[in-house]
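Numbers restart at 1 for each chain; the letters A, B, ... are given by sequence-line order, proteins then strands.
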Amino acid sequence: MTEANARRFISARRKIIEGDFASLNPEQRRAVLTTEGPLLLLAGAGSGKTTVLIHRVVNLLRYGRGSDTEEIPASCGEEELRLLEQAAAGEIPVTEEIRALCAVEPASPWQVLAITFTNKAADELKSRLEKALGAAGQSVWAMTFHGTCSRILRRYAERLGFPSSFTIYDQADSLAVMKRVLKEMNLDDRTWPPKAMLAAAERAKGALQTPDEFLAQEQASRDIRRIRTAQVCKAYAQRLFDAGAMDFDDLLYFTVRLLKENPDILDYYQNKFRYVQIDEYQDTNHLQYLFASLLAGGRRNICVVGDDDQSIYKFRGATIENILSFEKQYKDARVIRLEQNYRSTGNILRAANAVIANNTARKGKNLWTQKGSGDKITLYVAQNEDDEARFVARTIRQSGRPARDFAILYRTNAQSRNLELTFKNMGINYRIFGGTRFFDRAEVKDVLAYLCVIANPTDETRLLRIINVPARGIGSTSLERVQAIAREEGVSLFEVLSSASHRPGVTAGKKMEEFCRMIGELQQRISEIPLDEFYDEVLDRTGYLAALQTKNADENLSRIENIQELKSSIIKSMENTGGDLYAYLDEVALYTDMDTYDREEDCTVMMTMHSAKGLEFPVVFLVGAEDGLFPSAMSISDQEEMEEERRLCYVAITRAREKLYITCAAQRMLYGRTSANLPSRFTDEIPPELLDRQGVERRRQQERSSYWDDDGAFRSSYGGSGGWSHPGSYGSGAAQKKNVVRTSAAPTRKPSAITPPPAKAPEFRVGDRIVHKAFGHGSVEKLTPMGGDALMEILFDSGETKRLMLRIAMRNMEKESS
DNA sequence: ATCATAACGCTTTTT
DNA sequence: GCGTTATGAT
């Protein structure tokens, strides 16, 4: 083929492929057709990210790199060129045959890996892929990080010395193990908080250190506390290893180590996965980053999708750096931005943009929409949390819309209780996600623990959980003795238990042996009967169900229901995985409540803003918008954490399609105390013209949002103390009022006309010298009043000019002392 | 061994 | 304020 013809071929091919994705906008289409090499997809909220991911996979399976290469299959000549050009011009229909001519090495489903964060996202991806591709969609690896890792580890765990039937510990299990370790080392939980110990272990794993390496490093510090911590971490790791168990972090940690230390395995997966896509890349932590980099290291066809403004898991070790520095890591990376929002109305989007604009650490992006402005955002200031809940319920009731159109988002799970009560009273269907999760319930964990022990008797944590549940007369004294023996002899606890009657000092030996025999018999039965029948037999033989039935109490009734509910999850799993106990336990270990969300059910959903990520609703209530609650009191003193809270706010606002309500309460009972909080600073960052203020505190609220004093001095309503540290520090409405700046007239004067007022509140004028915590010394260049706040332009001595919102900046800034 | 009461601490957010 | 755990009494 001549070069001119080759060009014509490529152009016609591209046109035909583009025709398959005509429903997308140009940027989306470009994202779908850019298949080769590293790609950074900056996808704003509601920009059709999942749609793009689906179409990308469709494109890869149908055309391979056809849309993104200059290669022409050797079999194609003049005849094929003619066909393609005719099809591209619309003269002949695009048949399968013509499509095949456009393909260059189409990918097989199992060569495509799409990693998400949540099971829910993975499930949605899977079901939409199945819809688009039929059976082939099922073979695409669409799963969570943890799911991907456990699948790899199941295959290669032996290389790490783990059994391939290793169990997965959730955080409650991990915590239990850690507590036991501390107890055995005679360390007090008060001075050695188990959670802090787990956090240390997590950090070490994040740095890819083995327990020994971590210990060696800490020993070099000569700090006895750090050394002891490292020793605890090592003991913890050993304990998990002995039990054949991995915690959530281990799944990633060991997978990364496996790939790093075994070139053959790395090679296998690098070749297997021709295309790697990673969703929510802004929320990846270092291990996940390493995992992604390793997998993509061969062919370098890695597509990461993310939105730096939606990074809300820093507390969990996510580093926004991963997305911010993607272009540095891959010099030839292509970047595509999706900024058109298909979800929300104009006012909602404007509010979201205005709020997030106050953050400094961002790539910068502005969402836009073709939709109209829509309703204003309603800001309702309630008297207290009951009033707030009633407002929400009343609004839903009066709307005439089905309950499922609404979502209530809050900062902490604890806030759901009031709402729940009110909704019960008003008879509105609701469903709460998160909080005490189904799989965290004691009875569910108990029954699962039985199944775990049957599957893997070395699982000491689960074994200890159930050995005396229901009561079998195996007391703590005998148990401790047996545990000590197991440790001395270096054998598993189960082994000692099964011959415990020969042991001195173990009074319950016979009962222990009996228990082991029962487990052994159940193990026999696994292969003989279907999993659901087996489940019934476990409930029966262990006496667990009987124990619940004999005790009266209504709470046992719901426990029995929960156990039945668990059976339905087994039946569901049997449909997918064919009823393998190990497969079921694997699935359940990584399961969360979110995954059972049924969109069709007519319920208003209540959840934290974190769990709402990736979801959308026609109407959203953002409740508890109070300083100290949201943003959380813990983040108020730290600029970076404050920015994370603001991103969370951005996520919450952008969940709404048509209407957003924001509510706060003047007083709220929280953690057993009543506190009075000011409305969230984020509400002040929304341009006032987008807000419709309602509620009892309306007048005061309006006063508060005016910062201009009579003499024109600009000051903060937060008083001279530089903010507050605890929500409880404002014990009453009166204390709060003192901090309200009264205004007698509308603020009209320019900041340049400022005369110094005798106020103790910090105030700033053009020309003032200031010191900023993060940016150092500088001088105020410009002050522009803006929506109850003011925009400051500050020229820092570093030569950098920064634009900061006064209310935010003043927390980290003060006048230079002369 | 089991139950009852008291003390404690915890609330960010999740796989 | 609530749920979990520690302690003590039966």
request  = Classify the nucleic acid contact of A:Q171 as base, sugar-phosphate or nothing, counting any heavy atom under 4.0 Å across all strands shown.
outcome  = base
query = Quick one: A:I115 CD1 to B:dT15 C1', roughly how many Å, whole number?
reply = 13 Å
query = Can we say A:E685 and A:R646 salt-bridge, meaning some charged N sits less than 4.0 Å from an Asp/Glu carboxylate O?
reply = yes
query = So, is A:N119 near the phosphate of B:dT15, with a side-chain N or O under 4.0 Å from OP1 or OP2?
reply = no
inquiry  = Any base atoms under 4.0 Å from A:F117, or only sugar-phosphate, or nothing? Heavy atoms, all strands.
reply    = sugar-phosphate
message = Should A:F145 be counted as stacked on B:dT15, where stacking needs a ring-centre gap under 5.5 Å and an angle between planes under 30 degrees?
response = no
task = Taking only the side-chain heavy atoms of A:R417 (C-beta and beyond), determine which of B:dT13, C:dC2, B:dT15 contains the nearest atom.
result = C:dC2
task = Check the angle between the aromatic planes of A:F315 and A:H610 and answer parallel, tilted or perpendicular using the 30° and 60° thresholds.
result = perpendicular
ask   = Phosphate oxygens OP1/OP2 of B:dT14: is one of them under 4.0 Å from a side-chain N or O of A:T608?
value = yes
query = Thinking salt bridges, do A:E514 and A:K511 make one under a 4.0 Å N-O criterion?
reply = no
query = A:D123 has an atom CG; how far is it from atom P of B:dT15, in whole Å?
reply = 12 Å
query = Starting at CG of A:D279 and ending at P of B:dT15, how long is that distance when rounded to a whole Å?
reply = 14 Å
task = Could you check how far CE of A:M246 sits from C1' of B:dT15, rounded to whole Å?
result = 16 Å
ask   = Does A:S611 place a side-chain N or O at less than 4.0 Å from the phosphate oxygens OP1/OP2 of B:dT13?
value = no
Salt-bridge present (A:D173, A:K445; N to O < 4.0 Å) = yes
Table of protein N/O atoms under 3.5 Å from nucleotides 5-10 of chain B N/O atoms:
unit_1	atom_1	unit_2	atom_2	d
B:dG9	OP1	A:R190	NE	3.1
B:dG9	OP1	A:R190	NH1	3.4

ask   = Just how far, in rounded Å, is P of B:dA1 from NZ of A:K511?
value = 7 Å
message = Measuring from the side chain of A:T118 (C-beta onward, heavy atoms only), which nucleotide among B:dT13, B:dT15, C:dG3 has the closest atom?
response = B:dT15
query = Salt bridge between A:E321 and A:K314, side-chain N to carboxylate O under 4.0 Å?
reply = no
ask   = With sugar-phosphate meaning primed atoms plus P, OP1 and OP2, does A:Y313 contact a base, only sugar-phosphate, or nothing at under 4.0 Å between heavy atoms?
value = sugar-phosphate
query = Starting at NZ of A:K314 and ending at P of B:dT14, how long is that distance when rounded to a whole Å?
reply = 18 Å
query = A:I474 near the nucleic acid: base, sugar-phosphate alone, or nothing, with a heavy-atom cut-off under 4.0 Å?
reply = sugar-phosphate
More than 12 heavy atoms of other groups within 6.0 Å of A:E640 CD = no
ask   = For the side chain of A:A471, counting heavy atoms from C-beta on, which of B:dT13, C:dG3, B:dT2 is nearest?
value = B:dT2
task = Round to a whole Å and report the spacing from CD of A:E643 to P of B:dT13.
result = 22 Å
key: Test side chain to side chain donor-acceptor pair (under 3.5 Å) applied to A:D247 and A:Y253, A:Y169, A:Y236, the passing residue   = A:Y236
key: Residue closer to the 5' end of DNA chain B, A:G147 versus A:G473 (nearest nucleotide)   = A:G473
note = Closest of B:dT15, C:dG3, C:dT5 to the A:K179 side chain is C:dT5
note = A:L590 CG to B:dT15 C1', in whole Å, measures 7 Å
inquiry  = Closer than 4.0 angstrom, basic N to acidic O: yes or no for A:R681 and A:E645?
reply    = no
